[in-house]
Amino acid sequence: MQPIPEAFSKNRSEEQADDNWSSFIVPPFYSGLTIKQQTKAFVIVGGRGCGKTTLLKYLCYPSQFSVHRSTLGDSDLRHIGLYWRADTNFLNSFAGGGVEKEVWRSAFEHLLACELGAEIIRSLLLLNASALRSAQFGGVENVDLSALLDFDPDLGRTPEDLLRSLVQRQRRLATWINNLDAVPRPLMLPGTVFLAELVRALREQLPYLASSTFAVFVDEYENMRIEQQKLINGLLKHGKSPLLFNIAMKRNAWVTRDTLGNEAIEAISDYNEIDIEEKLEKGFDRFAAELLLFRLAEHRQDLAPLLPISSEVLRAPEKLSLRYGPDADDYGRSVIAAAERMLPRVNESEAAARIMSTPQLRSVLRERVEDALKARGSNLNPNDFLDDDHPEASVIIPALLSRERETPADILKEFSRLKSGKPGRLAPGSDLIGNNLFGCVNQIYLGRRNSILFSGFDAVTLIAKHNIRHLLELVHRIFIRYQEINPGEESVLPVVDAEIQAAAMREASETVFKKVKGRGTYGPQLHTLVETLGSIFRARHRQRRQSEPETNHFTVSRGVPTETLRIYLTEAEKWSALYTVSQTKMKDEGVYAVDYVLNPIFAPYFQISFRKKRSIPLSFEQLQVMFEGSQDARALLVRDLGARGEHQMGDLFEGA
């Protein structure tokens, strides 16, 4: 039997084949995209790992004309997607070398003509890849493309010959760029003029393509040079059927909306924007559960009958209503419940009970009660504040004893009322319990072991934050740890202990954190930001009083932002180090109208809350220090913002 972790090992679209028809789960927002009915450009945005490329590949011909599809109808030919990924290294070579800008522009258009022209021919060949399809469609051998010889008399007349010619010209272009002084400049095809003529010839000669629109999806648009982006912008603005252009990019990746002419592209009038993460926000827990179960069912078919999903239904756009329609609530609950059974959660109440029943953790709790009583000058017995029958109240006692407005005697009276069954402030479900339990439980674990609160399928989805790559990375690490402890595979669904989950999530979180340095031009600055914020929030989680538990986001309320800082914040959103949420209430005039939230994928590494609860105000000057300040300056900032005078910092930048 195949090891379960392998089902989740591939979490990057680059690791998947261009044909993802069999592995693609139709997302809940798919029916609202109207991409196949498009009449103008789409701009698809989202953070790294949210699924942009996977969606694009699904929309393009290798998947839509997949050999795994049993039948194709006329509707499948109305929108033929062509995927093109901007190659950063290659496209950046289209400049300098003593060559005029106009020539480099022609070279870029030539590249588009060659690569996209080849893709158009490949789509036609795949459409007719089998005898059955050739009988249904066919006619490729009779297509005459001699009209294209006006562009270059050495181009092929048949689709197969044209494909070979275009691939050959791609190689010649690359050779010329690498040998500008030694190789003659190749003949440049005129970009979209050539592509439009190719499409026209095919539509005229093949009746089944007469109503087809060829839609180009340019992925990683932000990796192109500015002048190349301007050219693509013009194609977005002026594109029309049967040849349309679309782009996909990270959030905040617009550098220019100008075209090569005097116009700029504008939202709504020239393009429709699709925010993948925004689309995934609603119903992400159900979709995440479906993805988990689908991967497991496809990898271990012996387990498929035990799961409340149908792979065929998950793949079928026309059956989306069965999963997300008005009558799909029972299905949704069953799918999430199945994921929760495999990844069970230990909630705050259960964690408090574990603390009381675990000698090492109970000893930590008693020491904190004793220290708090000594700090208050009280001679009360610490054991009087601990009770196995009331673990929730026992766990929050050290925080209450550390607050000046509370007296030890009054707290003991409340605790005595609880033990005698009388109503009071420490009763289960009270505000004191609800507001403090998570932070106090997590505080006990901090610095000693992985917090058991980082367990459960719901925690996985909150930590992944609508990011498919992070979701799969978390689940993959969890099942690796599970298999190490349970090496014998059985034909039963795995149930992963909470301690295993917590350790695995911390490991996955650390892996993501270490990769931040490589995120774009400002990766090192983003890394120091995450490190500093995580350390500040961790210090806040350690505070004895727990008066502001679960701090994990900030607002900016003072100072004047520099242009450099604006760039840093834009990059932090672009690479998903931070994300923004509109403020629901404004406390001060001049405060930025958004909360900046540290991506919860970093929460397990720093052992801080993954729930958006409390924020701290920062100045622009403090943010500047977080991005580019010295180690000493950032350590001072952590002490000032994190300790809040309690002086229980420990190691300022420890992640373990």
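Numbering of residues begins at 1 and proceeds along the displayed sequence.
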Practice prompt. Check whether any side-chain N or O of N467 sits under 3.5 Å from a backbone N or O of H470 as a donor-acceptor pair, and report yes or no.
Written response: yes

Worksheet item: For the rings on W254 and Y221, is their centre-to-centre separation under 6.0 Å?
Response: yes

Worksheet item: What are the two closest heavy atoms between V45 and K52, and how far apart are they?
Response: C-CD, 3.8 Å

Fill in: Short N-O contact, R251 and E571, less than 4.0 angstrom
no

Discussion item. Is it the case that atom CD1 in I268 sees more than 12 heavy atoms from other parts of the structure closer than 6.0 Å?
Written reply: no

Worksheet item: Taking the inter-plane angle between the rings of Y30 and F24 on a 0 to 90° scale, is it parallel (under 30°), tilted (30 to 60°) or perpendicular (over 60°)?
Response: perpendicular

Discussion item. For K279, I'd like to know if atom NZ has over 12 heavy atoms of other residues, nucleotides or ligands within 6.0 Å.
Written reply: no

Worksheet entry | Under 3.5 Å: donor-acceptor pair, side chain of T580, backbone of D595 | no

Discussion item. For the NZ atom of K230 and the CD atom of E227, what is their distance to the nearest 0.5 Å?
Written reply: 8.0 Å

Item to complete: Using the six-membered ring wherever Trp is involved, compare the ring planes of F65 and Y61 and label them parallel, tilted or perpendicular (cut-offs 30° and 60°).
Response: tilted

Worksheet item: Would the number of heavy atoms belonging to other residues, nucleotides or ligands and lying under 6.0 Å from CD of Q170 be above 12?
Response: yes

Worksheet entry | Check against side chain to side chain donor-acceptor pair (under 3.5 Å), S615 and T555 | CA-CA 7 Å; S615 70; T555 58; 4.8 Å; no

Practice prompt. Would you check if the side chain of N552 reaches a backbone N or O of V597 as a donor-acceptor pair within less than 3.5 Å?
Written response: no

Discussion item. Just by distance, no angles: are the side chains of S576 and N599 close enough, under 3.5 Å, to form a donor-acceptor pair?
Written reply: no

Worksheet item: Any chance the side chains of T511 and R477 put a donor and an acceptor closer than 3.5 Å?
Response: yes

Worksheet item: Quick one: do E510 and K514 make a salt bridge, cutoff under 4.0 Å?
Response: yes

Practice prompt. Check the side chains of W21 and Q64 for a donor-acceptor pair under 3.5 angstrom, ignoring hydrogens and angles.
Written response: no

Worksheet item: Would you call E102 and R105 a salt bridge, taking side-chain N to carboxylate O under 4.0 Å as the test?
Response: no

Discussion item. Assess, by modelled atom type and distance only, whether the side chains of Y83 and D219 contain a donor and an acceptor separated by less than 3.5 Å.
Written reply: yes

Fill in: Centroid separation F513 to H527 less than 6.0 Å
yes

Discussion item. Looking at Y271, I'd like to know if the NZ or CZ of K40 sits under 6.0 Å from its six-membered ring centre while staying within 45 degrees of the ring's axis.
Written reply: no

Worksheet item: Taking the six-membered ring for Trp, are the ring centroids of F610 and F454 within less than 6.0 Å of each other?
Response: yes

Practice prompt. Give a yes or no on whether the backbone of S212 and the side-chain of R203 come within a donor-acceptor separation of less than 3.5 Å.
Written response: yes

Worksheet item: Ring centroid separation for F8 and F479, is it under 6.0 angstrom?
Response: yes

Worksheet entry | Shortest non-hydrogen contact from R133 toward S66 | NH2-O, 2.5 Å

Worksheet item: Are N246 and Q38 close enough that a side-chain donor and a side-chain acceptor fall under 3.5 Å?
Response: yes

Discussion item. Side chain to side chain donor-acceptor pair (under 3.5 Å) for W84 and E115? Distances and angles first, verdict last.
Written reply: CA-CA 8 Å; W84 188 69; E115 296 203 355; 2.3 Å; yes

Worksheet item: Distance only, no hydrogens: is a donor on one side chain within 3.5 Å (strictly under) of an acceptor on the other, for H238 and E263?
Response: yes

Worksheet item: Are Y568 and E628 close enough, and set up right, to give a side chain to side chain donor-acceptor pair (under 3.5 Å), and what steps lead you there?
Response: CA-CA 10 Å; Y568 287 156; E628 56 185 26; 2.8 Å; yes

Practice prompt. Output yes when a side-chain donor or acceptor of K57 lies under 3.5 Å from a complementary backbone atom of D18, and no otherwise.
Written response: no

Discussion item. Main chain of I265, side chain of R257: is a donor-acceptor contact present, judged purely on distance under 3.5 Å?
Written reply: no

Fill in: NZ/NE/NH1/NH2 to OD/OE distance under 4.0 Å, R323 and E290
yes

Item to complete: Scan L125, L126, L124 and name whichever one has a side-chain contact (heavy atoms from CB on, under 4.5 Å) with N128.
Response: L124

Worksheet item: More than 12 heavy atoms of other residues, nucleotides or ligands under 6.0 Å from CZ of R171: is that the case?
Response: no

